[in-house]
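First the proteins, then the strands, lettered A, B, ... as listed; each starts at 1.
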Number of protein chains: 2
Amino acid sequence: MSQRQKITIKDVAREAGCGIATASRVLNRSGPASAEVRDRVERAARDLGFSFSAIGRALQSSRSMTIGCLVPSLANPVFAEAVQGVQEALSGTGYQLLIASSNYDGEADNDAIATLLAKEVDGLIVTMVAPEKSVALKRACQHGVPLSLMFHDPIDGLPSAHVDNFEAAREVARRFSELGHRRTGFLALRFSTSDRSRNRYAGFHAECRARGMPDPALIELSEAEANTPRLLAEILSTLDGLSAVFASNDFLAIAVQKAARLMGKIVPQDLSVVGFDGIEIGRLLDVPLATIETAPDAMGRQAARTLLDLMQGEACIQQPPLPFNFRAGGTLAPPRTESRDDDQGATWPPSVHSLKTELKQG
Amino acid sequence: MSQRQKITIKDVAREAGCGIATASRVLNRSGPASAEVRDRVERAARDLGFSFSAIGRALQSSRSMTIGCLVPSLANPVFAEAVQGVQEALSGTGYQLLIASSNYDGEADNDAIATLLAKEVDGLIVTMVAPEKSVALKRACQHGVPLSLMFHDPIDGLPSAHVDNFEAAREVARRFSELGHRRTGFLALRFSTSDRSRNRYAGFHAECRARGMPDPALIELSEAEANTPRLLAEILSTLDGLSAVFASNDFLAIAVQKAARLMGKIVPQDLSVVGFDGIEIGRLLDVPLATIETAPDAMGRQAARTLLDLMQGEACIQQPPLPFNFRAGGTLAPPRTESRDDDQGATWPPSVHSLKTELKQG
DNA sequence: CTTCCATGTGAAAACGTTTCCACCTGTTTG
DNA sequence: CAAACAGGTGGAAACGTTTTCACATGGAAG
């Protein structure tokens, strides 16, 4: 706690016996300087332990060398990995990452963007609740701040690093169908605040229809229900008769297995489960989890690279969606034969929400 | 992409027909102003869509309202959660989080701190490879920047939000011992770059000794070995005869189970496994993982609160270590009786590293 | 010997704030 | 009625940079 006040380039210039401009030129190698002066300045800077003030620089150049990143929460490893990917793509470019998280709150989203904007970030990488409705995001656009999205489908000409959730979910329906499943469920944790979940449901729903399966049951869980196997089991038991469940993320899928065990059901014989995200741990489980593999870190990297291009003034080009991959696993198998062909007989509980109308159609 | 240039307080003042100083006073409610002028200024600011430039403010007040945070990697959920905790504690204080990650590289650690310092962060929250040796960290100290550590044991009077890894590890040894285990192993992924791993080993080792058990086998894994069950199985099979393994994190512990299955061993009958961290998923597994529960988010929150106090000028007080909790689970059981009492007979492979000397003694 | 140019150099403006100070008005006090 | 004071107000300095511009100096070209 010794030296409380900072050493500026003025101090260096004084110590070296030259003008400020010269010191700046030497230290930045941005202009001519005699060997002798160069030497004095460099020595002075070293002796004094000088380093440039990024703030002074930012003010004068109106480039903060900072890029802002907004995600719902770092407690979700998917977003955390994406941010790590951004970090990696940024390393070596001189840009720093200013982070904000909204806790899945649309209001907080707007505040966060406003704050980031006030800090004059040179670019923005964003995942939020409702990008298409966010006034703050619109303002950022008009403001001319380069912008790139993550996880969202591209909107309004804004580039986005994403996977095609709709297509990926169709793939899951296809697998279910091919194995002979008919009655399925879709489990989501934050359906209303996650366009990803909604797109997945839409794709799943569309493909089920296309294959003549009954509409999947949509089950939206609360945080508590998702984390308490007993509660989850209760919910699942109200939906007796389904042979396969598509969980909108891997954690949920694992929770479903636990709940199934509690109910005395065996995965996959009594219930097939497929997750989403492809977290590493799924592979190491007793019964490896069938899931859609995605690469959040690659998403972060792509978002960052796109943003860097944009900041270079390059035209905004939307990259194709990042690939996903269906990972086979022990949690997916054909249904028990006896429950195969009784579609017509039983009354089938309707979807919890009926939002088939406002769903994307592919 | 319309309005590329910014609106400054000057524009507001001109629009309102008053001086800059007055505009500033009105907008900050920091001084007297007539009702009429106040009105004009506020209207002007609204009409123009003015917002303060954090950079201009930072330059003039020499407070950037930014705090820097360095962690090894956000791909590790433990650190990601901690950062999320920091984020939460900071929300509403007006401080933003500037993030850096080092990828477990000590050199990168130093660079990152230097960069953060150049950005004139008002405080620093740090988890790094070797805080006790870092010159950059020392410089930050001398520079007078408020500092708080996470995950590390307190050093040099720097406060740290941490759990007592040594004690927690002793707890594991105690559990093993009470169940009758004697030959144990300690698995670590990044032993050389993680003081946490080292402290855990030290505590585990110390308690094993204290209880008259043979020294635990120390097994340091490469990234590849940890993620490839086959490789891990090979390694484990070279250490035949041990009945219990303490993995330095839960992911490793789960990998060990997978490897054991590959070897035809049954957990916990043939091999007990205890992890560390207490990730949520461990609870949902087929065989719930026995582990030491910690709360990374609480660590982040504590680190942030301590830092805020420090920045208020309060004296630096070291909080007691955060509590840990032994979570019982299906992966821990007494060893098979036949392998109980043959200590003296067999030759026991020595620890991979023999660092018993430089280990913390409690 | 002049003219020109290259090279090295420093003063000063600009970036967007906040704050100190001085200057106005009126109004209250002696 | 003069003096002191309070409330409003704006000019200008400061924060740490970079960059423009102008001024030197010297050597080469005319």
Any side-chain heavy atom of Gln319(A) sitting closer than 4.5 Å to one from Pro159(A)? no
Residue whose closest nucleotide on DNA chain D lies nearer the 5' end, Gly19(B) versus Thr8(A): Gly19(B)
Interatomic distance, Asp109(A) atom CG to Leu137(A) atom CG [nearest 0.5 angstrom]: 9.0 Å
Derivation and outcome, side chain to side chain donor-acceptor pair (under 3.5 Å), residues Thr66(A) and Lys119(B): CA-CA 10 Å; Thr66(A) 288; Lys119(B) 292 260 168 164; 2.9 Å; yes
Gap separating the OG1 atom of Thr306(A) from the CD1 atom of Ile125(A), nearest 0.5 angstrom: 8.5 Å
Mapping Ser51(B) and Arg25(B) onto DNA chain C by nearest heavy atom, which one lands closer to the 5' end? Ser51(B)
Scan side-chain atoms only and decide if Arg190(B) and Asn76(B) contain a donor-acceptor pair under the 3.5 Å cut-off. no
Of residues 30-39 of chain B, the positions that come close to DNA chain D - non-hydrogen atoms, cut-off under 4.0 Å: Pro32(B), Ala33(B), Ser34(B), Val37(B)
In whole angstroms, the gap separating C1' of dA12(D) from CD1 of Ile20(B) amounts to 10 Å
About how many Å separate CD1 of Ile67(A) and CE of Met65(A), when rounded to the nearest 0.5 Å? 11.0 Å
Rounded at 0.5 Å granularity, tell me how far OG in Ser73(A) sits from CD in Glu88(B). 7.0 Å
Are more than 12 heavy atoms, taken from residues, nucleotides or ligands other than Arg139(B), located less than 6.0 Å from that residue's CZ atom? no
What range of DNA chain C does chain A touch, first nucleotide to last, counting atoms under 4.0 Å from its heavy atoms? dG8(C) to dG16(C)
Please list, in numerical order, the residues of residues 53-68 of chain A that have a heavy atom closer than 4.0 Å to any atom of DNA chain C. Leu59(A), Gln60(A)
Rounded to the nearest 0.5 Å, how far apart are CD of Gln302(B) and CE of Met150(B)? 11.0 Å
Arg29(A) CZ to dT17(D) C1', in whole Å, measures 18 Å
Are any non-hydrogen side-chain atoms of Leu322(A) and Met299(A) less than 4.5 angstrom apart? yes
At what distance, to the nearest 0.5 angstrom, does CG of Asp195(A) lie from CG of Asp153(A)? 7.0 Å
Rounded to the Å, how far apart are Arg40(B) CZ and dG10(D) C1'? 13 Å
